Amino acid sequence: MPAKIIDGNKIAKSILENIKNKVKNMKEKPGLALVLVGNNPASEVYVNFKEKDSKEAGFYCERYNLSEETSEIDLLKLIGDLNQKESLHGILVQLPLPSHIDEKLIINSILPHKDVDGFTPLSLGNLICENMILAPATARAVIYLVESTGVRIEGKNAVVLGRSNIVGKPTAMMLLERNATVTICHSKTKYLAGYTKKADILVVAVGKQNLIRKDMVKEGAVVIDVGINRVNGKLVGDVDFENVKEVAGYITPVPGGVGPMTRAMLMDNTLKAMGLSKKI
Ligand code: GUN
């Protein structure tokens with residue numbers, strides 16, 4: 001039987017609708033700052049979506065489009081100002097940044113309770129200590145999508161492909177926290193299929209089209225495709241969707257899977273960040 005398609009668009013829409021209804025009744029609105037540096041076309045599209053979502057949710061949104069030549073010190077100054085603004089509860093600096101800017105330094109300058117991306121070392125450390133404040137939106141999206149299937153995570157073999165700080169590592173930590181047995185594979189992993197074939201839950205976040213073929217997937221597995229690759233103007237994931245769906249139990253499409261859910265989780269993190277601001 002072919003896999004059930006996990007409809008990220010539909011789930012994200014209902015989360016956003018919930019957030020919108022909550023915000024409607026709030027006197028003070030959640031505030032989100034979106035910072036885009038340079039002219040990366042993909043980044044511009046992502047920030048446009050985030051701005052649209054936050055406006056639709058009824059948030060207060062400030063967007064900063066900075067030139068490619070912006071200096072590190074000017075960007076640090078801007079973040080310092082945004083950190084101080086009471087009307088802003090979340091700050092998102094779209095990555096990647098131009099190569100003359102130290103990304104880690106910039107991310108580190110965001111106050112942890114405004115770190116709606118969950119990218120600061122403190123946020124990631126809290127995740128490991130199971131003391132979650134704001135977890136990375138993509139990792140939250142992956143967990144939400146797996147849980148939406150009704151498949152229990154506890155006791156399952158979960159394999160995460162990719163070890164980035166923003167997706168692979170936090171996703172693995174969140175699966176571990178839910179008592180999965182977790183394996184992280186990466187570019188130096190030998191005989192990838194040996195791991196992926198054993199995965200009840202397979203999360204693929206590498207950025208390589210058709211990396212996961214049908215013969216690499218366990219029958220009935222939950223397959224979450226985080227990859228986004230542009231091929232001849234079309235978006236495709238890391239999984240050979242058409243063939244893998246013949247063996248998987250559940251699978252996310254690209255587009256329409258993890259992407260919209262990540263944005264919904266970002267809005268949810270902003271709402272959470274507003275709650276945190278009241279506690280400090
Ligand atoms: N670039 C790619 N994904 C992301 C994300 O989730 N957040 C930010 N800030 N930049 C990104």
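These numbers come from a predicted model, not from an experiment. Counting convention: from 1, in listed order, for ligands and their atoms alike. In this chain, residues are counted from 1 in sequence order.
Given atom 11 (C) of ligand 1, the protein heavy atom at minimum distance is Gln94 NE2, 3.3 Å. Looking from atom 1 (N) of ligand 1 to the surrounding protein, the closest heavy atom is Leu95 O, 2.9 Å. Looking only at protein heavy atoms, the nearest one to atom 8 (C) of ligand 1 is Asp117 OD2, 3.4 Å.
Under a 4.0 Å N-O distance rule, the pair Lys214/Glu219 does not qualify as a salt bridge.
The contact set between ligand 1 and Val93, taken as ligand atoms under 4.0 Å from a residue heavy atom, comprises 8 (C), 9 (N). Close contacts of ligand 1 with Leu92, meaning ligand atoms under 4.0 Å from a residue heavy atom, involve 9 (N).
Residue Phe119 places a heavy atom less than 4.0 Å from ligand 1.
In this structure, Asn179 contributes its side chain and Glu154 its backbone to no donor-acceptor pair below 3.5 Å. Judged purely by atom type and a 3.5 angstrom limit, Asp240 has no side-chain atom pairing as donor or acceptor with the backbone of Val244.
Taken together through direct or relayed side-chain contacts under 4.5 Å among Ile, Leu, Val, Met, Phe, Trp and Tyr, Met174 and Leu266 form part of one hydrophobic cluster.
Glu28 and His89 share a donor-acceptor pair across their side chains, judged by distance under 3.5 Å alone.
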